[in-house]
Amino acid sequence: MIQKHKWLWTVLFMLAAGANAQRLPADKKATKSTIALYKNLYRLPARGYLVGHQDALAYGVHWKYKAGNSDVKAVTGDYPALYGWELGDLEKGAPVNLDSVPFAAMKKYIREGYERGGAITISWHGNNPLTGKSAWDTTSGTVAAILPGGSKHALFVQQLDTVAGFLKSLKGKKGEAIPLIFRPFHELTGSWFWWGAKSCTAAELIMLFRFEVDYLRNTKGLHNLLICYNTANDFQTQEQFLERYPGDDYVDIVSFDGYQYGAPSNSVAFAEKLSAQLSVVEAVAKEKQKIAAIGELGYNLIPDVQWFTKTVSAAVKKHHFAYLLYWRNAGFKPKDNAMEYYIPYKGHAAAPDFIQYYRQPETLFEKEAAALKLYR
Ligand code: BMA
């Protein structure tokens, strides 16, 4: 078992409780624990950042659906502090999501991570409501078609009802709504989803974003959501980052996704870009009194064995953001005849480096997140 001696930091962090007390989520009716999560994430950068993993409890590179398992835990002895889950295909009424995770199991995993003190974030690669094809079907006109007055608006509302029903069913032991970081229309500056920048205008996307948040909040009465605005890593300036921003009343967290590709020799340039983009998002967060974060991060197969300490840590070290989420350890994907993973499994060449990364004072995994009592 790896020990981390960070208790002093935890005490200092808890003493700081109450600071920034005036900062509240955009939803004026947010539940007490959602407000607490917001405030805790807001002041978290003074202490460090939550390390998250997508689908962490459902499967890893060499296993599937084994109670208590997680690739992060197998390597570090600790769970991630943040769990990412994905709703794609829920809107069709499917029992499993687009990556085959059963929604019934997902519900249990979400509750499990929350009860241990971890944070939960949700994405939705919803299928194209206009064509019925996947989220990656970029047919233009889709967003216009699902806005009020559009030919597929009723269908989209039906889909939102299904999503809202699932989100509403996520409850803790005492029946309380589990606070969720919801990331609508993620990577919205990119060009690969039907809500992407080449498939709709900024005005259309902003209208859709507002419609969805208003609908979930006001019509469906969901007050356990922190809304995460999330771009791709294709911006250099605040203006570019904010081009499709729906407004301060609709957003709690500002974030972007960044992946490294190609050879390890790209690591230096990747770190520079990550750091520069964090500076932009941090400045936006500061100005708007929002929370900065990295919505998704990763280097598939981790071919650079010191990627976590030498690239990620070097890039994020001086920055102030609340969390980052490594993408899923899918393992072998028969459909693509390829491997996909972003966290080293036990025995992987990058595992020792990930342990070093785990030991850094600013990386917060679940034990430390639990000690910070994010929901109080
Ligand atoms: C992608 C890949 C896909 C997956 C999708 C949604 O980046 O991991 O295999 O289907 O995310 O989770």
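For this chain, numbers begin at 1 and follow the sequence in order. Counting starts at 1 for both ligands and their atoms, following the listed order.
Crowding of Arg376 atom CZ: a count of heavy atoms from other residues, nucleotides or ligands under 6.0 Å not exceeding 12. Residue-environment remark: CD (Gln236) stays at or below the threshold of 12 foreign heavy atoms within 6.0 Å. In the displayed structure, Lys333 atom NZ is contacted under 6.0 Å by more than 12 heavy atoms of other residues, nucleotides or ligands.
Because its NZ or CZ atom is not both nearer than 6.0 Å to the ring centre of Tyr342 and within 45° of the ring axis, Arg328 does not count as a cation-pi partner of that residue.
Taking the side chain as every heavy atom from C-beta outward, Phe321 and Ser255 never approach each other to under 4.5 Å.
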Would you tabulate the polar-atom pairs, meaning N/O of ligand 1 against N/O of the protein, with distances under 3.5 Å, reported to 0.1 Å?
unit_1, atom_1, unit_2, atom_2, d
ligand 1, 7 (O), Trp327, NE1, 3.3
ligand 1, 8 (O), Trp327, NE1, 3.1
ligand 1, 8 (O), Arg328, NE, 2.8
ligand 1, 8 (O), Glu340, OE1, 2.9
ligand 1, 8 (O), Glu340, OE2, 2.9
ligand 1, 9 (O), Arg328, NH2, 2.8
ligand 1, 9 (O), Lys333, NZ, 3.0
ligand 1, 9 (O), Glu340, OE1, 3.4
ligand 1, 10 (O), Asp99, OD1, 2.5
ligand 1, 11 (O), Trp327, NE1, 3.2
ligand 1, 12 (O), Asp99, OD2, 2.6

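With sequence neighbours excluded, no residue forms a side chain to side chain donor-acceptor pair (under 3.5 Å) with Trp136.
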